[in-house]
Number of protein chains: 2
Amino acid sequence: MSGTNGYKTRQRESILRYMTEHKDSHVTVNTISDYLAQQGTPVGTATIYRHLEKLVEQGTVRKYTVDAATGACFQFVEADRKCHEHYHLKCEKCGKLIHLKCSFVKELEEHIYAEHGFAVNPLRTVFYGVCQECAVPAAPAQKEEQNG
Amino acid sequence: MSGTNGYKTRQRESILRYMTEHKDSHVTVNTISDYLAQQGTPVGTATIYRHLEKLVEQGTVRKYTVDAATGACFQFVEADRKCHEHYHLKCEKCGKLIHLKCSFVKELEEHIYAEHGFAVNPLRTVFYGVCQECAVPAAPAQKEEQNG
DNA sequence: TAAAATCTGAAAATCGTTTTCATCTTACAC
DNA sequence: GTGTAAGATGAAAACGATTTTCAGATTTTA
């Protein structure tokens with residue numbers, strides 16, 4: 001609490017490194033678990049969950065859900081980017097994160113605050129949807145899990 | 001499949017009626033289960049899940065997730081009502097969920113699609129922030145589940 | 001080096017959701 | 001009405017993601 005960021009452990013390093021090296025894909029706890037086990041440096045799932053939770057709390061990692069059956073997804077967020085000044089668009093299909101720099105959104109933020117008395121937090125708010133590349137003209141009519 | 005919509009049963013009627021009478025709230029399987037049990041017409045959760053699944057398949061009901069810990073939410077959808085989809089504001093402090101019916105957001109949605117080529121999914125997108133009640137007064141600071 | 005703070009992971013506990021399966025109901029022909 | 005096949009039901013077990021427990025291991029700090 002008092003400025004501490006926790007002890008430096010092999011597990012913590014492994015997880016953090018994995019996150020920084022996989023910024024553009026849907027990372028789940030299993031993804032990480034399987035990878036580390038395969039690398040010969042297994043880490044218990046409980047530990048992975050615990051570290052990710054802390055990383056999310058401190059804003060280093062973002063937590064989101066694409067498919068309820070798959071479980072939570074996590075994504076590393078770069079600190080050097082002024083992410084607090086813009087919003088994000090997250091493609092539900094490819095997992096890509098788009099940094100949206102748009103004055104329109106800022107206006108909406110102000111509108112919501114002025115008219116609805118709600119102070120939006122840009123850091124945690126993510127717009128989910130489908131990006132241009134993943135937008136398929138011909139609807140494949142799959143048996144996909146609904147999510148909205 | 002061949003035009004059949006299943007047998008007409010008490011359980012099916014109860015569930016459908018509940019959905020049509022609660023179009024504006026977050027309905028979960030437990031919500032329905034508790035209500036029907038209290039009404040003296042209990043329906044097993046497995047049955048509720050089964051019926052909701054069918055209703056979702058046929059487009060009568062929409063399935064979405066607001067909070068992973070709470071589980072799936074369901075909402076009755078009327079054909080003429082689809083354009084009235086609304087967004088949600090989630091207070092990070094007290095956990096309250098606010099239904100935001102605001103044309104400004106709709107405009108933003110259209111703007112993002114037209115100018116940024118991204119099709120926002122309104123039901124999966126949640127604005128996180130702080131509500132009016134939790135704003136200035138002593139922060140209630142709870143241990144809420146993260147979801148952004 | 002010792003004590004205190006923190007971390008780890010196997011196993012158990014939770015919790016939402018799905019499946020199993022033996023038993024009812026409904027729809028429909030006779 | 002009676003018989004029956006397709007479909008529905010629900011208690012309990014199974015499942016899968018996530019959390020908690022707890023005894024033992026590790027990192028810090030003094």
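All of these numbers come straight from a predicted model, not from anything done at the bench. Here is how names work: the chains are called A, B, and so on, in the same order as the sequence lines, proteins then strands, and each is numbered from 1. Just so it is clear, the values below take in all heavy atoms, side chains as well, and ignore hydrogens, waters and symmetry mates.
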Within this structure, what is the [atom1]-to-[atom2] distance between [X] and [N], rounded to whole angstrom?
X     : N      : atom1 : atom2 : value
B:R12 : C:dC24 : CZ    : P     : 23 Å
A:L52 : D:dA17 : CG    : P     : 15 Å
B:F74 : C:dG16 : CZ    : P     : 13 Å
B:E13 : C:dT26 : CD    : P     : 11 Å
B:E53 : C:dG16 : CD    : P     : 18 Å
A:R50 : C:dG9  : CZ    : P     : 8 Å
B:R10 : C:dA27 : CZ    : P     : 15 Å
B:I48 : D:dG10 : CD1   : P     : 9 Å

Is the distance from the ring center of B:Y35 to that of B:Y18 below 6.0 Å?
yes

Given [N], is OP1 or OP2 found less than 4.0 Å from the side-chain N or O atoms of [X]?
X     : N      : answer
A:K8  : C:dC7  : no
A:H51 : C:dC7  : no
A:Y49 : D:dT18 : yes
A:Q11 : D:dT26 : no

Taking 4.0 angstrom as the limit, do A:R50 and A:E53 come out as a salt bridge?
no

Quick check for you: among [options], whose closest atom lies nearest to any side-chain atom of [X]?
X     : options               : result
A:T9  : D:dT21, C:dT19, C:dC7 : C:dC7
A:K54 : C:dC7, C:dA10, C:dG16 : C:dC7
A:Y7  : D:dT28, D:dT20, D:dT9 : D:dT28

Going by the angle between their ring planes, with limits at 30° and 60°, are A:Y64 and A:H26 parallel, tilted or perpendicular?
tilted

Under a 3.5 Å threshold, yes or no: a donor from one side chain and an acceptor from the other, between B:Q39 and B:T41?
no

Residues forming a side chain to side chain contact (heavy atoms under 4.5 Å, CB included) with A:E13, sequence neighbours excluded
A:K8

